[in-house]
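The next block holds one structure in the form of structure tokens; read it before the comments.
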There are 2 protein chains.
Amino acid sequence: MTAPEIIRPAGPFDLGGTGDGAGRPARAQDVARAAGVSTATVSRAFNAPEKVAPAVRDRVLEVAAALGWLPHPAGAALAKRRTAIAGVVIPNLGQEVFAFQVEAMQAAFAERGITLLIGCANYDPAEAVRQTRAMLARGVEALAVVGESQADGFFEMIEARRVPYVVTYGYRADSPHPSVGFDNRDAFRVITRHLLDLGHQTFGGILQPMGNNDRVAARLAGVRETLADQGLGLRPGHLREGRADIAFGRESLRAMMEGPAPRPTAIICGTDLLAVGALLEAPALGLRIPQDLSVTGFDDIALAAEFDPPLTTMRVDCAEIGRLAAGHLLARLEGIATPGKIAIIPSFIARGTTASAPRR
Amino acid sequence: MTAPEIIRPAGPFDLGGTGDGAGRPARAQDVARAAGVSTATVSRAFNAPEKVAPAVRDRVLEVAAALGWLPHPAGAALAKRRTAIAGVVIPNLGQEVFAFQVEAMQAAFAERGITLLIGCANYDPAEAVRQTRAMLARGVEALAVVGESQADGFFEMIEARRVPYVVTYGYRADSPHPSVGFDNRDAFRVITRHLLDLGHQTFGGILQPMGNNDRVAARLAGVRETLADQGLGLRPGHLREGRADIAFGRESLRAMMEGPAPRPTAIICGTDLLAVGALLEAPALGLRIPQDLSVTGFDDIALAAEFDPPLTTMRVDCAEIGRLAAGHLLARLEGIATPGKIAIIPSFIARGTTASAPRR
DNA sequence: TTGTACGCGTTATCAT
DNA sequence: ATGATAACGCGTACAA
């Protein structure tokens, strides 16, 4: 039943509702006429219902519904001098952490009638600039952007248009930017501390690319500092940096374990996905987790708790980050003073992939 | 260094660029004045450069850049009677398949200067209605929506505004809706056929919820039909329906394998995630994959190929779906006739989780 | 409480 | 090739 069905084009000027019988979409004036009121009253019935006599208001809303009329956003934006659009720029769609953040932001903005534009930069600063420029051209009233390592002039571009913005997911007390996030360095101190307490002395690190990603650099710094406190360090061969996926986790573990002794007894991964890669590769190397090797992740993605053994990791409440970021921006939009730095505390979750260091 | 820094509010009317020295954002008139031309020429310099003398055009663009002026989208939308906004409604952000589709759509629309609005319905038809209504109120010129099982009146709502739309991810030759997708039934026929060819006789199914999801129902139908061709069927206890996550995959496999004999030797899962759940639970049940039990997934998420053993599954080119959906909508917007049904063929990928049925 | 009338910023039409 | 001007659809002082 694959008839060569062809869809008639709609044509670019064919938007809008049923109007007054003509093909033309309904306007406020049509509603006004049909309800026997002025366009001002129609507008008020929608934007300030309390200023309209109940009977009139009901009639207007009824007529509007019948005509399928909704205020045209362009006209409204022009008259109100507000677009009611905000934007968020994230590295990647389809990644749990960012998805949760975006969903929460979307919900928070929607409550105030603000539409959220989503832009993906794919970890490319130039693309982030393009996406952001497009959003500014769209008239976004506020912007959230993941991370503060952006191309030169990125924030200047936003500030030139006086658009309030907030950096999410990263947090640095001395950052010049308003931000909602957590201290990546502290978080990885906690992880490293946990492994030190378990008696580990030789560590490996598998991290996502640090270029254009301040968060990863901070994580590594956290590990290094905590090790240095005990007079330990990360050997060059025990630090791998590459794509944040399972495959790189696998190949990194293999490289380290096939390298010269001493070999790490604990692997700190910058991401759960990298850790899962290590967990998947371990059996092939004859390594039992956690008896022979401890592994940690970060993010607490859904897979982490379900894996076998379940992954020791750190959970960040990304929805909360999204809510707080949206709240911050809404406050600024409404002229309310707001703290410039908001910190979230990630929670460490000890599960099955970390244990005491093996006896040598 | 956690000074109690406070951000001064921007105020809601503080949008836009540097303007002419006052706080006011620049308008076309400012650019016109500064460049010694009329606003009409400014507009043409941006929208129809070829109609403006090169020298004038360059001067206008230069002045515009200096003033940080960009055409205000609301004004442009009003005058052009085009919002240059499209929308897509998906069940869930943060799921690879939809993320790829959305990214591809976004790219395709961006090439034509169209911004894509993204709405998440969270598998809730009522929420899909809300999201779609909001998008229509926003003046979207075109809509893509995942799946055709929507609330009553959903498509009527879209058609009432004469907005061209397309259903993605699902495909049914006799569907009343324009669609871009694949035949879920055929796909699961292929999977079932593969397992039959391996000699399996007793099958289990683990599926995501079928309510409000035509795609899942079609998948089950494909399995049932193919089994029926061989005089086989799916025992009630061997069909599980629930949340599309790893945990449900795990508990479903356990329930089936702890149930009464005969027990399935092949498990068909509606999603890779469900399959991964089954794979993770199998060892705990003393089952070796694929010697004792074959398992199949669907989607070919990144994890599938990396798992141990790698998951036999079916890959759908979601980016292609997105591209085609956007192409279809763009064509209708531009008044070009378009096929109403576009089919994608998923590809079966035999990997390590399927093998000959165990000898009884 | 309701209506009048103007302005929001841009683009399209028509004239030059 | 360029300019003047009238829409585009709505919100909001201001007047009634």
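Residue numbering restarts at 1 for every chain, and letters A, B, ... go by the order of the sequence lines.
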Original post:
Just how far, in rounded Å, is C1' of D/dA7 from NE2 of A/H72?
Top reply: 14 Å
Original post:
Taking atom P of D/dG11 as reference, at what distance in whole Å does atom CZ of A/R82 sit?
Top reply: 13 Å
**OP:** Give me the ring orientation class for A/W69 and A/F46: parallel if the planes are under 30° apart, tilted from 30 to 60°, perpendicular past 60°.
**Re:** perpendicular
Original post:
Relative to the 5' end of DNA chain C, which residue comes earlier, B/P71 or B/R44, by the nucleotide with the nearest heavy atom?
Top reply: B/P71
**OP:** Would you kindly give the CG-to-P distance between B/D58 and D/dA1, to the nearest whole Å?
**Re:** 15 Å
Original post:
When you measure from the side chain of B/K51 to the backbone N and O of B/T41, does any donor-acceptor pair fall under 3.5 Å?
Top reply: no
Original post:
Over how many whole Å does the gap from B/L67 atom CG to C/dT10 atom C1' extend?
Top reply: 17 Å
Original post:
Which part of the nucleic acid does A/A74 contact within heavy-atom distance under 4.0 Å: base, sugar-phosphate only, or nothing?
Top reply: nothing
**OP:** Using a 4.0 Å heavy-atom cut-off across all strands, classify A/A53 as base, sugar-phosphate, or nothing.
**Re:** sugar-phosphate
Original post:
Would you say B/T41 reaches D/dG3's phosphate, i.e. side-chain N/O to OP1/OP2 under 4.0 Å?
Top reply: yes
**OP:** Mind calculating the distance between NZ (B/K80) and C1' (D/dG9) to the nearest angstrom?
**Re:** 17 Å
Original post:
Looking at the side chain of B/R81, which of D/dG3, D/dG11, D/dC8 is the nearest nucleotide?
Top reply: D/dC8
Original post:
To the nearest angstrom, how far is B/R33 atom CZ from C/dG9 atom P?
Top reply: 12 Å
Original post:
Would you say A/R27 reaches D/dG9's phosphate, i.e. side-chain N/O to OP1/OP2 under 4.0 Å?
Top reply: yes
Original post:
Does the side chain to side chain contact (heavy atoms under 4.5 Å, CB included) test come out yes or no for B/F109 and B/L329, once each step is laid out?
Top reply: CA-CA 9 Å; B/F109 277 124; B/L329 293 173; 4.0 Å; yes
Subject >> 5' priority, DNA chain C, between A/L78 and B/A79 [closest heavy atom] >> reply: A/L78
Original post:
What does A/V42 touch in the nucleic acid at a heavy-atom separation under 4.0 angstrom: a base, only the sugar-phosphate, or nothing?
Top reply: nothing
Subject >> Nucleotide nearest A/A40 when distance is taken to its side chain, options C/dT10, D/dG11, C/dT4 >> reply: C/dT4
Original post:
What's the CZ-P distance between B/R59 and D/dA1, to the nearest Å?
Top reply: 15 Å
Original post:
Mapping B/G75 and B/G36 onto DNA chain D by nearest heavy atom, which one lands closer to the 5' end?
Top reply: B/G36
**OP:** Determine whether more than 12 heavy atoms belonging to other residues, nucleotides or ligands lie under 6.0 Å from atom CZ of B/F100.
**Re:** no
Original post:
Are a donor atom and an acceptor atom from the side chains of B/E148 and B/S179 found within less than 3.5 Å of each other?
Top reply: no
Subject >> Phosphate OP1/OP2 of C/dG9 contacted by B/W69 side-chain N/O (<4.0 Å) >> reply: no
Original post:
Once you round it to whole Å, what is the distance between P of C/dT2 and NZ of A/K51?
Top reply: 13 Å
